Amino acid sequence: MGSCNTHNPSFLMYALIDCNNFYASCERVFNPKLNDKPIVVLSNNDGCVIARSNEAKALGIKMGEPAFKIKNIIKKNNINAFSTNFALYGDMSQRIMNILSSMIPLIEIYSIDEAFLDLNQHSTTQIYNLCHIIRKKILQGTGIPVSIGVGRTKTLSKIANHISKRKQRYGGVFILNKKDEDLILNEISVSDIWGVGSKLGMFLPSLGINTAKQLKYTNLKFIRSKINIIGEKIVKELRGKSCFDIENLVPSKKSICTSRTFGNMVNDLNDLSSSIAMYATRCAEKLRLQHSYAYLAHVFITTNPFREKTNQYAQSKIIKFPVATNDTSEIIKAILFALEGIYKHGYEYKKAGVILSGIIQRGEVQENLFDSKNRFSNEIIMGTIDKINRKMGQDIVRYAALGYKKKWQLKQQQLSPCYTTRWSELLTINLN
DNA sequence: TCTGGGGTCCTAGGACCC
DNA sequence: TCTGGGGTCCTAGGACCC
């Protein structure tokens, strides 16, 4: 944890580039009929709204709203609803990040649709021109519109981005210069600051702090005592002292989770076991992908908390491996054993998951004197399975515990084709 | 009426992000 | 009837040690 950079020359600038309504825009790229039409993208099981086009926002559809509650609005306004297509969004994201990397030496891929850029080598005029070129290149190369905000710290660049996205007149690029900061921060509500969530968004106003400008001029020690060290860093960032650096190296994950809400209620232990075995398999794959090992595995099951009238049950268990592992069969075995311990007959289960933690790198694995496993040959087997499955398709080679009948499978009734990642689903254009 | 002090490590839970 | 998924960091408090 580095301390804040107190020598932050005024020419040092950060940019935040953010794709506009990313998932909705991805759907649009391959289906131009959707231009100017309202679009929503739904979470797994077509459950909640997780992305909206501007037109859908204008119709009053809220983020996170359950789909069944807005069925009528969707029908009445001919809103195009899509199931999530992460293969498509992930691939589009990669293309955008590749374009950025080719133009800017230091970038941080912050999320699937956002990146921070280090622009410290550039003057304000250069930055302005560069940002417009970036927008144009991404639009030409991928069809995705983006907004760019520039400021003296990451937090200020987030605020600048907020403005560029909401005020059409800036043409998608807003540069927050030092002299204008107080004026702009005065217009920003504390709850719109990066790092201020729902709880702080209510708490800060109770202290009389309503705008970003008010927070900026609040005493540091006061904030430290009332909130925590992150609160203090946010204030410093608002003052132009950079506390959050550009992180251009992708750190390996410290925890790996695979969990799903089921398409249908599940009450049978066998069905639960096959789903859990599948999640353990995905987790182990992710673990091997970053060449790490885990010594803790966590399994959890829960009934549907929204169904208040039915009996509720939620339980979890953590298993500690004698030697850190990334072997799918070993993880499945441990997880299924733990599941038997927490499973209770007579409940309708709605969600289950597996989390791996205690993650370490290859060289850090402590061997155990009483270890009976042949870890060397297991690694070769895992590597081979990964290779085959990557080439031939997920779960072509699978453990028997996964089964084939999937009562718990997702509902995805509005899935768009994988235009960019599956040969059979490439877009075809009729030239007659 | 009184019950040491200080350090480290670990973990559960909360808040935040997209 | 129908309500997502995958992460990170911080803190408080307990266990343990000297």
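Being a predicted model, the structure only gives us computed values, none of them experimental. We name chains A, B, ... by the order of the sequence lines, and we start the count at 1 in each one.
- With a 6.0 Å cutoff to the six-membered ring centre and a 45° limit on the axis angle, A/Lys350 does not count as a cation-pi contact of A/Phe262.
- Counting only N and O atoms by type, the side chains of A/Asn21 and A/Asn54 include a donor and acceptor under 3.5 Å apart.
- Inspection of the A/Arg288 and A/Thr328 side chains reveals an N or O donor paired with an N or O acceptor under 3.5 Å.
- DNA chain C is contacted by both A/Lys253 and A/Phe68; A/Phe68 maps to the nucleotide lying nearer its 5′ end (nearest heavy atom per residue).
- Among C/dT3, C/dG6, C/dT8, the nucleotide with an atom closest to any side-chain atom of A/Cys48 is C/dT3.
- Atom-to-atom, CD1 of A/Ile229 to P of C/dA12 comes out at 12 Å; the value is rounded to the nearest Å.
- Side-chain N/O atoms of A/Asn304 and A/Lys351 include no donor and acceptor closer than 3.5 Å.
- At a cut-off of 3.5 Å, with distance as the only test, a side-chain donor of A/Gln361 or A/Ser252 sits close to an acceptor on the other residue.
- Nearest nucleotide to the side chain of A/Ile230, out of C/dC10, C/dG5, C/dG6: C/dC10.
- Contact annotation: A/Lys350 side-chain N/O to C/dT3 OP1/OP2 distance is under 4.0 Å.
- For the residue pair A/Lys286/A/Thr258, the side-chain donor-acceptor check at 3.5 Å is satisfied.
- The side chain of A/Ser43 lies closest to C/dG4 when the candidates are C/dG4, C/dT3, C/dG7.
- Nucleotides B/dG4 and C/dC16 place their C1' atoms 16 Å apart, quoted to the nearest Å.
- In terms of phosphate contacts, A/Lys71 brings no side-chain nitrogen or oxygen within less than 4.0 Å of OP1 or OP2 of C/dT1.
- Residues meeting the side-chain hydrogen bond (donor to acceptor under 3.5 Å, both in side chains) test with A/Asn20, sequence neighbours left out: A/Ser147.
- Using a 4.0 Å heavy-atom distance criterion, A/Thr84 is classed as making no nucleic acid contact.
- Listed by residue number, the members of residues 259-269 of chain A with any heavy atom below 4.0 angstrom from DNA chain C are A/Ser259, A/Arg260, A/Thr261.
- Against DNA chain C, the stretch residues 288-324 of chain A makes heavy-atom approaches under 4.0 Å through A/Asn304, A/Phe306, A/Arg307.
- For A/Phe116 and A/Tyr110, the distance between ring centers is under 6.0 angstrom.
- At a threshold of 4.0 angstrom between heavy atoms, the contacts of A/Ile256 are confined to the sugar-phosphate backbone, with no base atom among them.
- The side chain of A/Asn44 lies closest to C/dG4, out of C/dT3, C/dG7, C/dG4.
- Taking atom NZ on A/Lys254 and atom C1' on B/dT11, their separation rounds to 16 Å, with Å as the unit.
- The CD1 atom of A/Ile227 sits 14 Å away from the P atom of C/dC10 (whole-angstrom rounding).
- Counting to the nearest Å, the C1' atom of C/dC10 and the NZ atom of A/Lys233 are 10 Å from each other.
- A donor-acceptor contact under 3.5 angstrom links the side chains of A/Ser191 and A/Ser189, judged on distance only.
- Going from atom CD of A/Gln412 over to atom P of C/dT3 covers 15 Å, rounded to whole Å.
- Remark: A/Asp180 pairs with no residue by the salt bridge (Lys or Arg N to Asp or Glu O under 4.0 Å) rule, at least two apart or across chains.
- Residues meeting the ring pair (Phe, Tyr, Trp, His ring centres under 6.0 Å) test with A/Phe30, sequence neighbours left out: A/Tyr419.
- Across every strand in view, C/dC18 sits in a pair with B/dG5 that passes the Watson-Crick or G-U test at under 3.5 angstrom.
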N/O-N/O pairs, protein side and nucleotides 16-18 of chain B side, under 3.5 Å:
unit_1 : atom_1 : unit_2   : atom_2 : d
B/dC16 : OP1    : A/Gly197 : N      : 3.2
B/dC16 : OP1    : A/Lys199 : N      : 3.4
B/dC16 : OP1    : A/Leu200 : N      : 2.8
B/dC16 : OP2    : A/Ser198 : N      : 3.4
B/dC16 : OP2    : A/Lys199 : N      : 3.0
B/dC16 : O3'    : A/Gly195 : O      : 3.4
B/dC17 : OP1    : A/Gly195 : N      : 2.8
B/dC17 : OP1    : A/Val196 : N      : 3.3
B/dC17 : OP1    : A/Val196 : O      : 3.2
B/dC18 : OP1    : A/Lys158 : NZ     : 2.6
B/dC18 : O3'    : A/Ser111 : OG     : 2.9
B/dC18 : O3'    : A/Asp113 : OD1    : 3.0
B/dC18 : O3'    : A/Glu114 : OE2    : 3.0

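- Under the 3.5 Å distance criterion, with hydrogens and angles disregarded, no donor-acceptor pair is assigned to the side chains of A/Thr303 and A/Glu348.
- If you find the closest nucleotide of DNA chain C to A/Met63 and to A/Arg224, the one lying nearer the 5' end belongs to A/Met63.
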